[in-house]
Every structure is written in structure tokens, then in C-alpha cells.
Amino acid sequence: MNHSIAIFGAGSIGAYVGAALIAGGADVVLIARPRSCERYVREGIAISDLEGRREHIDAARIHCSADPAALADAGLILVTVKSADTAAAAQALAAHARRDALVLSLQNGIGNADTLRAALPGMTVLGGMVPFNVVQTADGRFHRGTEGQLMAEASPALATWLPAFAAAGLPLSERSDFAAVQWGKLLLNLNNAVNALSGLPLKAELSQRDYRRCLALLMEEALRALAASGIAPAQIGGVAPRRLPTMLRLPDWIYRRIASASLKIDPEARSSMWEDLQAGRRTEVDYLNGAVARLAQRAGLDAPANRRIVALVHEAEAGKGQAMAGAQLLAALRA
Ligand SMILES: NC(=O)c1ccc[n+]([C@@H]2O[C@H](COP(=O)([O-])OP(=O)(O)OC[C@H]3O[C@@H](n4cnc5c(N)ncnc54)[C@H](OP(=O)(O)O)[C@@H]3O)[C@@H](O)[C@H]2O)c1
């Protein structure tokens with residue numbers, strides 16, 4: 001069978017975007033681990049969002065394979081594995097993808113599209129950005145708990161595919177300043193580690209000033225490193241990057257008022273880093289806070305709070321330590 005769109009790594013983002021594309025009428029094949037595929041083709045895939053969308057894609061409409069050869073006919077390949085798996089995904093694409101296929105990385109972090117490009121000479125590889133958050137609920141639904149529009153590096157190669165994203169209810173906008181977009185998103189992703197260590201849903205975590213102070217500290221280091229490197233991060237969401245630390249440090253009652261106007265988060269939303277810790281998986285912390293520490297070092301600066309939170313998340317990956325209260329985490333980051 002010919003599948004026009006392939007999703008490589010159908011976990012939270014891949015299954016959500018893939019199911020939305022199928023609901024919109026696209027011909028999609030999911031590449032996933034055997035246990036995920038078995039579930040998708042047995043039960044179908046249910047998706048929901050904070051605006052009240054709820055959809056179930058019947059099992060009969062799901063095409064899923066653990067064998068990357070199944071993407072051989074795809075004209076568009078969305079890469080949705082975690083950053084540590086990008087190099088392996090790139091090898092699979094090099095072996096099986098059509099040379100004229102468009103590859104779009106829908107991953108966080110800075111270097112994933114470059115990793116794919118290096119392994120896929122001659123192919124068009126674009127960076128993409130997913131601004132919203134998706135987690136699996138206890139009943140197996142893929143739930144989008146925050147808002148925002150997909151973005152990608154501007155390219156004429158995207159034109160064919162934009163209608164499929166629009167029909168999926170996930171309109172994709174093109175950005176000519178994509179490096180700035182990626183760094184703007186990475187600033188927000190610095191909260192993933194804070195959220196994972198808090199053990200709380202995003203909304204509950206961000207409603208506590210001490211956790212927000214932790215995030216403000218991490219963002220300030222990143223903003224300093226970016227400024228020293230001549231990078232101006234793009235604004236993702238309602239607040240300009242340079243204003244984020246000040247906003248985060250506001251007392252709870254003022255923050256709540258501003259946040260409710262600029263940021264919609266439902267009570268189910270959590271960071272995928274929290275999910276990784278729960279599942280005993282390696283997290284992306286080296287690609288997020290670690291990227292800030294590396295950028296600072298290259299600019300002759302230090303980013304000690306980001307370095308410390310990387311170490312804390314690695315301890316949590318090793319099963320050491322419990323959820324940290326805001327004041328405890330703040331003290332550890334300032335130590
Ligand atoms: N979740 C979010 O809210 C969110 C939001 C914005 C951006 N992102 C970014 O999107 C990317 C994906 O995140 P995610 O949360 O969707 O991750 P995820 O739930 O872990 O999904 C990735 C899936 O790909 C599978 N996989 C990895 N290598 C594979 C291979 N060679 N063949 C088949 N399957 C493979 C993984 O299986 P194993 O776990 O067994 O390896 C996992 O099921 C990350 O860069 C993340 O930062 C996530």
C-alpha cells in the first residue's frame with residue numbers, strides 16, 4: 001500500500017499528530033515499537049485536547065509497523081523520536097526513505113534536523129516545532145493539554161503538505177527565522193526538567209512561585225548565553241523572551257492573572273520529561289538544559305543552575321531521589 005505520510009516514532013507527539021492527520025483524511029503509516037503498534041492496531045488511537053476535541057480513530061484505519069521499510073513510499077516523513085534516538089532514526093531513513101521524500105523533524109532541542117541532514121545528503125530536511133504539550137492519559141488517550149500552532153522552517157517543499165495539516169486541525173506555519181524559533185522554544189522547554197522533578201502537573205507546578213523562580217534562574221542563564229552568542233530567541237506564546245524571568249518571579253496572585261490571559265494549560269498537562277522519568281526512560285535533559293550549558297561555555301560563560309538541573313535529572317533517571325518541593329529545588333539550583 002502507498003502511504004503518503006510516515007511518522008517515525010509514534011509515541012505522544014507522533015501518535016497525536018498521526019491520528020489527527022488520519023482523521024483529516026491523510027494516508028498515514030506509523031513507525032513505532034512493536035508493543036505500541038500492537039496496541040494501536042488492536043485498539044485504534046484516541047486523541048483529545050483542551051478545547052474539547054475528542055476523537056477515536058478506529059483500528060481499521062491505523063497502519064502501523066515496527067519495520068522502517070514500511071515508510072518506503074512516503075513523500076513526507078515526520079520524525080517524532082526523542083533526541084537521543086535521532087541518529088538511529090536517521091540511519092533507518094537513509095536505508096529506506098525515498099530520496100525525494102521531505103523529512104520534517106517535529107522534535108525539541110537544537111540539533112535534531114542537523115543530525116538528520118548529515119545522514120541524508122541530497123534529501124530535503126526541515127526543522128519543525130511543536131508548541132503544545134501531549135501526554136498519554138491513564139486510559140491511553142493522547143491528550144493535548146496546551147495550545148499553539150505547529151511551525152516549520154520555510155520551504156517550497158512544504159506547500160504540497162500544508163492542506164493535510166490544515167485538515168487535521170493542526171495548521172502549520174512557515175518561519176524564515178527558524179533558528180530563533182528553536183531557541184525561543186528551548187527557553188520554554190527549560191521548564192520540562194523543573195516539571196519532571198516537581199512530580200506535579202504543569203499547572204500545579206507553575207502556580208507555585210518557588211518552581212517559577214527555578215525556571216526564571218534557568219531562563220536568565222540561557223538569555224545571557226544567547227545574547228553573548230548573538231542569538232535573539234523568537235517569542236513563542238504571549239510573553240517576550242526577555243520579560244519571562246520577571247513575569248515568572250511575580251507573586252502568585254499577579255502571575256495567575258497574567259498567565260490566565262497568556263497561557264492556556266489544562267490540569268492534565270505534564271511535561272514529557274516527567275513521563276520519561278515515570279517510565280524509567282532516558283530523558284532529553286542533555287539536549288535542553290545541557291544545550292544551554294554548552295552554549296554558555298562556548299561564549300566563555302557558565303550556566304551553573306542548568307548544569308545542576310541536568311545532574312539532578314540524571315540522578316532521578318537512575319532512580320535516586322523523590323519529587324522535590326519548590327524551595328528545595330531552588331536551593332539546589334542556587335547552591
Ligand atoms: N510530548 C510532548 O508534549 C512534546 C511537545 C513538544 C515537543 N516534543 C518533542 O517531540 C519529540 C518526541 O517526544 P514524545 O513525547 O512524543 O516522545 P515519546 O512519547 O517517547 O515518543 C517517541 C516514540 O518513538 C519510539 N521510537 C524511538 N526510536 C524508534 C525506532 N527506531 N523505531 C520505532 N519507534 C521508535 C519510542 O519508543 P521507546 O520509548 O521504546 O524508545 C517512543 O514510543 C521530542 O523531541 C520531544 O521533546 C514533545
Side-chain angles (χ1 to χ4, degrees), residues 6-19 29-40 45 47 49-50 64-71 77-97 104-113 115-116 119 127-137 140-152 170 181-182 184-186 188-193 195-196 201-202 236-237 265-266 268-291:
I7 313 270
F8 195 99
S12 295
I13 291 296
Y16 179 83
V17 172
V29 62
L30 307 174
I31 307 297
R33 300 292 191 199
R35 68 177 184 286
S36 304
C37 267
E38 281 159 22
R39 197 185 108 206
Y40 300 154
I45 298 179
I47 57 173
D49 70 25
L50 76 168
C64 189
S65 176
D67 181 356
L71 58 71
I77 301 167
L78 305 179
V79 178
T80 55
V81 297
K82 288 263 165 61
S83 301
D85 295 320
T86 304
Q91 291 312 314
L93 265 52
H96 299 288
L104 176 60
S105 154
L106 289 183
Q107 301 166 279
N108 283 328
I110 301 299
N112 285 303
T115 302
L116 292 165
M129 196 278 284
V130 178
F132 49 75
N133 168 275
V134 175
V135 285
Q136 277 197 67
T137 58
R141 231 178 332 122
F142 292 93
H143 179 75
R144 174 168 70 76
T146 60
E147 55 188 358
Q149 272 207 2
L150 295 179
M151 293 179 196
L170 297 172
V181 167
Q182 274 186 313
K185 178 70 196 310
L186 190 132
L188 305 183
N189 286 137
L190 298 180
N191 187 49
N192 293 13
N195 181 253
L202 282 166
I236 309 291
I265 305 181
D266 77 17
E268 286 188 85
R270 291 179 182 264
S271 76
S272 62
M273 198 175 289
W274 174 84
E275 273 191 324
D276 288 337
L277 288 186
Q278 296 305 301
R281 293 187 299 243
R282 197 169 31 158
T283 72
E284 285 186 308
V285 74
D286 287 327
Y287 300 86
L288 302 173
N289 305 80

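Computed from a prediction, not measured in an experiment: that's the story for all the values here. Just follow the structure's listing: the first ligand is 1, and inside any ligand the first atom is 1.
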### Message
Using modelled atom types and a 3.5 Å cut-off, is there a donor and acceptor pairing between side-chain atoms of Q182 and backbone atoms of M129?
### Response
no
### Query
Does any donor atom in the side chain of D276 or T283 lie under 3.5 Å from an acceptor atom in the other side chain?
no
## Note on the structure
Residues passing the salt bridge (charged side-chain N to carboxylate O under 4.0 Å, His left out) test with R33, sequence neighbours excluded, are none
### Task
Drop me the distance from I31's CD1 to S36's OG, to the nearest 0.5 angstrom.
12.0 Å
### Query
Protein residues near ligand 1, heavy-atom distance below 4.0 Å?
F8, G9, G11, S12, I13, A32, R33, R35, T80, V81, K82, D85, L106, Q107, N108, V130, F132, N133, V134, K185, S272, R281, E284
### Contacts of type side-chain contact (heavy atoms from CB on, under 4.5 Å), residue L188, not counting sequence neighbours
M219, I236, L244
### Query
In chain order, what residues pass the salt bridge (charged side-chain N to carboxylate O under 4.0 Å, His left out) check against R270, with sequence neighbours excluded?
none
